[in-house]
Student: 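Take a look at this one; I'll ask things after.
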Protein chains: 2
Amino acid sequence: MAAKVTAVDKRRQILDAAIRVFARQGFHATRVSDIADEAGVAYGLVYHYFRSKDEVLNELFVERWSLLLSAIEETDRAGETPRQKLAAVAGFIVDSYRHDPELMKVIIVEVTRAANSFGQTHLEEIRRAYQSIAKIVADGQAAGEFRDDVSPMFASMTFYGGIEQLLSGWIFGVIPTSDIDFDEAKDLLVTMICDGLEPR
Amino acid sequence: MAAKVTAVDKRRQILDAAIRVFARQGFHATRVSDIADEAGVAYGLVYHYFRSKDEVLNELFVERWSLLLSAIEETDRAGETPRQKLAAVAGFIVDSYRHDPELMKVIIVEVTRAANSFGQTHLEEIRRAYQSIAKIVADGQAAGEFRDDVSPMFASMTFYGGIEQLLSGWIFGVIPTSDIDFDEAKDLLVTMICDGLEPR
DNA sequence: GGCCGTCGATTGACTGGTCAATCAGCCAGT
DNA sequence: ACTGGCTGATTGACCAGTCAATCGACGGCC
């Protein structure tokens, strides 16, 4: 039994090490041996648990992105006002960063914003997030709470783009992390976008 | 004389070929030989004109980004209303994409959004763009035309992030290019952000 | 005009180093 | 003694960057 636990732990250990190393050096500059070293594990063990270096990143992305997708859909189902829904989505993403900045950095930098190299594979899942957000906007328009002269998909992209840019700002130190508190930033973002969506 | 012209042409030829190949395959997946082949030029000639593969991308980025920086600052100096200024900035970026989508794809995907690997080098120049936009916002607030409970840098990042996300949507086919006309998209973007910035 | 020397542009075969992925076996636990 | 998690040296492919050799334009000199 102890063996089984160890085995599961080792896999997790490799994934967690990969997060740290990818965040520090970037995916391309990371050698598989770096991951193994960081995890305190033999080189070959990485290939025991994963088919390739790509699959490690894959796993990290899918693990986290599926959480985001269900969070968005759950939020939508919960049925508050459209504005509260968008606030909840922004909140979830910002909190994801607050909770695990390294993982979010890897996902944004290496997958979401690197659609050319790696993200191409995940374009479908990424698009699904945009579309779930677009649905919230569309419902808001149907209920007359948002102006309807803005395409929902368009508003969704702008909304998500704004959040991601904000995270990028924190990640790369363009925006000082201490200066604006996360919650405040989150509120401002939602306020700005939602006020821009208000009917006139 | 004909020789000199040829020499200059060859350098340009290599840069233009690099745009096409980088856009098609991504920077990392591009071999120097691919650039040479695409340019119809010998492998070694690339190294006659550029110190390294990185320098080719560098050159492409700096060439274009400096245009963006002067355009923003020029716009600011022209002194219309803040809203018109932001519209002009968004317009310039969207038009850059319309005029040369491949180059913009390379710059966004390989530099701007890849700050981890390559863009780290250019973070300063990228930040300068954010700050010029932030200045426009700050002036607008001082003039009472924008609400002042939003940090200018924050608004700037959201604004720019929205534009870039929009371009990314076009680049990767998430948003159909034919569906929403570029100008319309540009207007909607500015409208949304500026209305969100309106005093209340 | 014809010839030659110079020099920068151009060529592409080659090298050195890097690294992902493999694989033949080791050993701990049962 | 057997199973499967685990090891890490080895291999093979790939590619950025080098370099020695060739080309060809032009100016000077006879």
Side-chain angles (χ1 to χ4, degrees), chain A residues 1-61 106 110-111 114 116-118 120-121, chain B residues 1-61 106 110-111 114 116-118 120-121:
Chain A
M1 194 209 85
K4 189 69 181 297
V5 167
T6 301
V8 172
D9 282 354
K10 283 277 169 69
R11 198 189 129 92
R12 189 72 255 164
Q13 218 169 307
I14 291 170
L15 283 172
D16 289 343
I19 294 175
R20 272 173 268 132
V21 183
F22 287 160
R24 196 188 313 134
Q25 321 179 337
F27 179 77
H28 280 290
T30 298
R31 288 165 295 251
V32 173
S33 65
D34 292 336
I35 303 177
D37 289 351
E38 176 83 22
V41 133
Y43 184 91
L45 196 61
V46 176
Y47 285 92
H48 181 71
Y49 286 110
F50 303 94
R51 235 173 321 186
S52 66
K53 186 182 148 191
D54 280 14
E55 216 194 56
V56 177
L57 179 54
N58 248 337
E59 181 77 19
L60 290 175
F61 171 76
V106 170
E110 307 295 345
V111 186
N116 213 22
S117 37
F118 204 87
Q120 202 74 285
T121 331
Chain B
M1 193 206 84
K4 190 70 181 294
V5 166
T6 300
V8 172
D9 282 354
K10 282 280 167 69
R11 200 188 127 91
R12 191 70 255 164
Q13 217 169 306
I14 291 170
L15 283 172
D16 289 343
I19 294 174
R20 271 173 270 133
V21 183
F22 287 160
R24 196 187 314 134
Q25 320 179 337
F27 179 76
H28 280 291
T30 299
R31 288 166 295 253
V32 173
S33 65
D34 292 337
I35 303 178
D37 290 351
E38 177 82 22
V41 134
Y43 184 92
L45 196 60
V46 175
Y47 285 92
H48 181 72
Y49 287 110
F50 304 94
R51 235 173 322 186
S52 66
K53 186 182 147 190
D54 280 14
E55 217 194 55
V56 177
L57 178 54
N58 249 336
E59 181 76 20
L60 291 175
F61 171 76
V106 170
E110 307 296 345
V111 186
N116 212 23
S117 37
F118 204 88
Q120 203 74 284
T121 331

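Just so you know, these numbers come straight off a predicted model, no measurement behind them. Here is how names work: the chains are called A, B, and so on, in the same order as the sequence lines, proteins then strands, and each is numbered from 1.
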Student: How long is the line joining CD of B/E55 and P of D/dG17, in whole Å?
Tutor: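 The answer, rounded to whole Å, is 10 Å.
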Student: Is there a donor-acceptor contact under 3.5 Å from the side chain of A/K53 to the main chain of A/T30?
Tutor: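 Present.
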Student: Go through it in stages, so that I can follow the logic: the residues are A/V32 and A/Y47, the test is side-chain contact (heavy atoms from CB on, under 4.5 Å), and I'd like the CA-CA distance, side-chain angles, deciding distance and then a yes or no.
Tutor: CA-CA 9 Å; A/V32 173; A/Y47 285 92; 3.5 Å; yes
Student: What integer distance in Å separates B/F50:CZ from D/dA16:C1'?
Tutor: 16 Å
Student: Rounded to whole Å, how long is the line connecting atom CG of B/D37 with atom P of D/dC15?
Tutor: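 Distance check: B/D37 CG to D/dC15 P gives 13 Å.
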Student: Using OP1 and OP2 only, check whether a side-chain N or O of B/K10 sits under 4.0 Å from C/dT10.
Tutor: yes
Student: Give the rounded distance in Å between these two atoms: NE2 of B/H28 and P of D/dA16.
Tutor: 11 Å
Student: Does B/E110 reach the main-chain N or O of B/F27 with its side chain, forming a donor-acceptor pair under 3.5 Å?
Tutor: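 Yes: the side chain of B/E110 pairs with the backbone of B/F27.
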Student: Where the side chain of B/D34 meets the backbone of B/R31, is there a donor-acceptor pair that is under 3.5 Å apart?
Tutor: yes
Student: Could you give the OH-to-C1' distance, from A/Y47 to D/dG4, as a whole number of Å?
Tutor: 21 Å
Student: DNA chain D: A/A42 or B/S33, which has the more 5' nearest nucleotide?
Tutor: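 Closer to the 5' end of DNA chain D: A/A42.
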Student: Of all the heavy-atom pairs spanning A/F50 and A/R11, show the shortest one and how long it is.
Tutor: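 Closest approach of A/F50 to A/R11, heavy atoms only: CE2-NH1, 3.7 Å.
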Student: Figure out the CG/C1' separation between A/D9 and D/dC6, and round it to whole Å.
Tutor: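 The distance from CG of A/D9 to C1' of D/dC6 comes to 15 Å, rounded to the nearest Å.
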Student: Quick one: CD1 on B/I35 to CG on B/D16, what's the gap to the nearest 0.5 Å?
Tutor: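 Answer for the CD1-CG pair, B/I35 versus B/D16, is 12.0 Å.
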Student: Would one find a side-chain N or O of B/H48 under 4.0 angstrom from OP1 or OP2 of C/dT10?
Tutor: no
Student: All N/O contacts under 3.5 Å from nucleotides 14-19 of chain C to the protein, with atom names and distances to one decimal?
Tutor:
{"unit_1": "C/dC19", "atom_1": "OP2", "unit_2": "A/R31", "atom_2": "NH1", "d": "3.1"}

Student: Specify the separation, in whole Å, of atom CG of A/L45 and atom C1' of D/dA9.
Tutor: 16 Å
Student: Taking only the side-chain nitrogens and oxygens of B/Y49, find out if one of them lies under 4.0 Å from OP1 or OP2 of C/dT10.
Tutor: yes
Student: Decide yes or no on salt bridge (charged side-chain N to carboxylate O under 4.0 Å, His left out) for A/D9 and A/R12, but give the supporting numbers first.
Tutor: CA-CA 5 Å; A/D9 282 354; A/R12 189 72 255 164; over 6 Å; no
